[in-house]
Structures are given as C-alpha cells and as structure tokens.
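Read the structure below first, then the notes.
Being a predicted model, the structure only gives us computed values, none of them experimental. What's counted below: heavy atoms across the whole structure, side chains too, no hydrogens, waters or symmetry copies. Sequential numbering from 1 along the given sequence is applied to the chain's residues.
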Amino acid sequence: MSFADDIKRFAAKTSKAHDEITRGTTIALFNAVIMDTPVNEGRLRGDWQTTVGQVANTPPGAGQETLLTNNMPYCLKIENGSSSKAPQGMVHRNVDRFQKLVDEQVGKNRV
C-alpha cells in the first residue's frame, strides 16, 4: 500500500461520510419541521413536499438543493406565530436547531 492509495481511500471514506451526514441532517430537519406543524384538519402538515433541485411546481434552476415546500395559503401565517400550537413556527424553530442536528449526524458518521 502506498501513501497515494491511503489518501484515495481516505478521500472516498470522507466523501461517503459527508454524503451520509448531509442526507441524515436533511431528513432529520425536514421530519422535525413536519412533526412541528400544528394539526387542525391535517392539511397543512400533509402538504409538505420534498424536491431536489427545484421548488415544487416551479421551473428548474435552484441547483442541487433539497427543498421542503408547503403550498397551503395559510402556511406563512402559521409559521409567523398565529397558532397557539406552534407559536415559534415550524421552520424557524427547527432551523435554529440545525447545528445540533448536524452534530448528531457527525457523531453517527465518524470517519
């Protein structure tokens, strides 16, 4: 085994860990947003849509981001605190926890 082979293996292992951390954090964040969405009839929670590279129902062009979209007309009102069930909103509350979610995934995917 050469030093170059060691570097190649390390790079492949690191890349795989990065992908798993990114995927795991995205899933954890989106799940938390969805589960923090208050339920009256369930339409708001049920309307969350996940897309890659573009917002749901819009032309492509956003890159390779993974997006979580909710098209219910009252979603922003709920996000901004109009619900006693989610006074801190759903997205803001969980984005504030983002670093904790990343740290949890890093702990699961140590190289």
Inset, instruction - Could you tell me which residues satisfy salt bridge (Lys or Arg N to Asp or Glu O under 4.0 Å) with Lys77, sequence neighbours excluded, listed by chain and number? - result: none
Legend entry - Any residue meeting side chain to side chain contact (heavy atoms under 4.5 Å, CB included) with Asn40, in chain and number order, not counting sequence neighbours: none
Inset, instruction - Enter the distance from Thr37:OG1 to Glu79:CD here, rounded to the nearest 0.5 Å. - result: 8.5 Å
Inset, instruction - Indicate whether any N or O donor in one side chain lies under 3.5 Å from an N or O acceptor in the other, for Thr69 and Trp48. - result: no
Legend entry - Heavy-atom pair of closest approach, residues Ala17 and Asn109: CB-O, 3.7 Å
Show which side-chain atoms of residues 99-107 pair as donor or acceptor with protein atoms under 3.5 Å away, not counting sequence neighbours.
{"unit_1": "Gln99", "atom_1": "NE2", "unit_2": "Asp103", "atom_2": "OD1", "d": "2.8"}

Legend entry - Polar side-chain atom of Arg45 near backbone of Val39 as donor-acceptor pair, under 3.5 Å: no
Legend entry - hydrophobic_cluster_shared for Val91 and Phe98, side chain cutoff 4.5 Å: yes
Legend entry - Asn31 side chain to Ile27 backbone, donor-acceptor under 3.5 Å: no
Inset, instruction - Using a 4.5 Å cut-off on heavy atoms from C-beta on, say whether the side chain of Phe30 contacts that of Met35. - result: no
Legend entry - Partner set under side chain to side chain contact (heavy atoms under 4.5 Å, CB included) for Ser84, not counting sequence neighbours: none
Inset, instruction - Please name all residues satisfying side chain to side chain contact (heavy atoms under 4.5 Å, CB included) with Thr22, sequence neighbours left out, ordered by chain then number. - result: His18, Thr26
Inset, instruction - List for me each residue that meets side chain to side chain donor-acceptor pair (under 3.5 Å) alongside Arg97, sequence neighbours excluded, and say none if there are none. - result: Asn94
Legend entry - Pairs touching residues 24-33 that satisfy salt bridge (charged side-chain N to carboxylate O under 4.0 Å, His left out), sequence neighbours left out: none
Legend entry - Partners passing side chain to side chain contact (heavy atoms under 4.5 Å, CB included) against Gln88 (at least two apart in sequence or in another chain): Arg93
Legend entry - Inter- and intrachain pairs under salt bridge (charged side-chain N to carboxylate O under 4.0 Å, His left out), touching residues 14-33, at least two apart: Lys16-Glu20
Inset, instruction - Please name the pair of heavy atoms, one in Leu29 and one in Val95, separated by the smallest distance, quoted to 0.1 Å. - result: CD1-N, 4.2 Å
Inset, instruction - Mind checking salt bridge (Lys or Arg N to Asp or Glu O under 4.0 Å) for Arg9 and listing every partner two or more places apart, or none if nothing turns up? - result: Asp6
Legend entry - salt bridge (Lys or Arg N to Asp or Glu O under 4.0 Å) involving Asp5 - partner list, sequence neighbours excluded: none
Legend entry - Side-chain hydrophobic cluster, 4.5 Å single linkage: members besides Ile7: Phe3
Inset, instruction - Mind checking the CE-CD1 spacing from Met90 to Ile34? Nearest 0.5 Å is all I need. - result: 10.5 Å
Inset, instruction - Report yes if some heavy atom in the side chain of Leu68 is under 4.5 Å from a heavy atom in the side chain of Val33; otherwise report no. - result: yes
Legend entry - Evaluation steps, side chain to side chain contact (heavy atoms under 4.5 Å, CB included), between Leu67 and Thr50: CA-CA 6 Å; Leu67 303 161; Thr50 304; over 6 Å; no
Inset, instruction - Would you confirm whether Asp47, through its side chain, and Asn70, through its main-chain N or O, come within 3.5 Å as a donor-acceptor pair? - result: no
